[in-house]
Amino acid sequence: NPRFDALPDAAVEGRRLAADWGRRRDSRSRLYLGAQATRSALFEEFAKARVLHIASHAVSSSVFALNTGLVLTPVDGDPSAPEPADDGVLRAWEFLEAPRLRADVVVLSGCETGPGSEWIAMAEGSLDLSRFFLEAGAGAVLSASWRISDEATAEFMTGFHRSLSRGASPDQALNAAQAAMSGSRRWAHPFNWAAFRLVGLGDE
């Protein structure tokens with residue numbers, strides 16, 4: 001989306017994950033990069049994917065919680081127009097019209113994809129993107145509670161999905177990825193790996 005800064009390591013991250021999952025005989029790995037990463041492509045995967053990974057910016061609203069959303073690629077219109085046909089932001093209220101999610105795990109690897117705004121949190125409880133994905137049918141959601149570097153995120157997500165693709169449960173994969181980074185010289189500081197949280201697993 002031209003209105004937001006590029007995430008240069010997101011493509012590297014996506015290719016790594018697709019390669020790891022592609023090694024599984026039972027995996028149907030699909031990768032959408034750049035102009036391919038549209039609302040319609042994501043909705044198509046809602047009905048198919050068991051593991052859904054989205055490496056993107058998040059946007060939030062302190063006034064209207066349902067305007068919280070994910071940045072995708074705009075299509076069929078000028079994103080700078082007053083009312084573009086598709087400005088490339090998938091907002092929470094649009095989940096009401098989306099296909100039901102089949103994913104056991106949804107991964108939101110962009111910065112600040114976890115927490116909602118302070119005003120929303122105080123007034124209505126946590127209304128972050130994780131909650132909207134759970135309401136849409138996800139079994140569990142992994143998200144980030146603060147801004148970390150694009151490179152550190154790619155490193156973390158590579159480790160998380162490598163464990164997940166080899167049969168680990170989401171919580172086991174999270175623990176393994178955090179342990180690997182905390183034990184490395186480059187990524188040992190908690191700022192690089194402690195932002196990620198898993199919600200929804202085992203909830204009724």
Side-chain angles (χ1 to χ4, degrees), residues 4 7 10 13-14 17 32 37 39 42-43 45-72 88-150 152-154 156-161 163-164 168-178 181 190-204:
F4 298 87
L7 299 173
E13 177 181 324
L17 306 188
Y32 300 89
R39 177 188 279 103
L42 181 60
F43 281 178
E45 294 303 324
F46 266 33
K48 298 177 181 178
R50 304 303 304 192
V51 176
L52 186 63
H53 182 97
I54 305 171
S56 176
H57 292 289
V59 294
S60 62
S61 170
S62 61
V63 177
F64 184 49
L66 292 178
N67 274 340
T68 300
L70 284 171
V71 177
L72 302 171
V89 178
L90 174 62
R91 295 174 175 83
W93 60 265
E94 294 179 272
F95 280 58
L96 301 174
E97 303 170 354
R100 186 72 176 167
L101 259 170
R102 297 184 67 248
D104 298 319
V105 186
V106 172
V107 180
L108 306 176
S109 73
C111 294
E112 298 177 314
T113 48
S117 72
E118 293 181 5
W119 183 87
I120 294 171
M122 288 188 295
E124 305 178 34
S126 177
L127 290 180
D128 58 45
L129 285 168
S130 298
R131 176 167 170 180
F132 293 119
F133 274 94
L134 292 173
E135 292 290 339
V141 182
L142 182 71
S143 61
S145 296
W146 60 74
R147 284 184 168 274
I148 65 173
S149 76
D150 194 22
T153 300
F156 178 91
M157 291 301 170
T158 298
F160 175 81
H161 278 277
S163 294
L164 199 65
S169 65
D171 55 334
Q172 290 171 336
L174 172 61
N175 291 337
Q178 289 182 328
M181 291 191 74
F191 183 82
N192 293 313
W193 50 264
F196 299 101
R197 64 172 188 167
L198 186 71
V199 297
L201 193 64
D203 291 347
E204 298 294 334

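- For the residue pair Leu17 and Thr158, the shortest heavy atom distance occurs at CD2-CA, 3.8 Å.
- Taking each heavy atom of Glu13 and His53 in turn, the nearest pair found is OE2-NE2, 2.6 Å.
- Note that the CG atom of Leu108 and the CG atom of Leu52 stand 8.0 Å from one another [nearest 0.5 Å].
- For the side-chain hydrogen bond (donor to acceptor under 3.5 Å, both in side chains) test, residues two or more places apart in sequence or in another chain that qualify with Glu45 are Arg28, Tyr32.
- Scanning both residues, Asn192 and Ala152, for their nearest heavy atoms gives OD1-CB, 4.0 Å.
- The heavy-atom pair separating Ala140 from Leu198 by the smallest distance is CB-CD1, 4.1 Å.
- How far CZ of Arg50 is from CZ of Arg102: 4.5 Å, rounded to the nearest 0.5 Å.
- Minimum interatomic distance between Ser109 and Met157 (heavy atoms only, all atoms of both residues): CB-CE, 3.4 Å.
- Rounding to the nearest 0.5 angstrom, the gap separating the NE2 atom in His161 from the CG atom in Leu142 is 7.5 Å.
- Taking the six-membered ring for Trp and thresholds of 30 and 60 degrees, Phe156 and Phe196 have nearly parallel ring planes, at less than 30 degrees apart.
- Between Pro99 and Phe43, the shortest heavy-atom contact is CG-O, 3.5 Å.
- Counting heavy atoms from C-beta on, the side chains of Phe132 and Leu90 never come closer than 4.5 Å.
- Using a distance-only test at 3.5 Å, with no hydrogens or angles considered, no donor-acceptor pair links the side chain of Arg197 to the main chain of Ser143.
- Judged as a side-chain hydrogen bond (donor to acceptor under 3.5 Å, both in side chains), and not counting sequence neighbours, Ser163 has no contacts.
- Taking CZ from Phe46 and CZ from Arg100, the interatomic distance works out to 10.5 Å, rounded to the nearest 0.5 Å.
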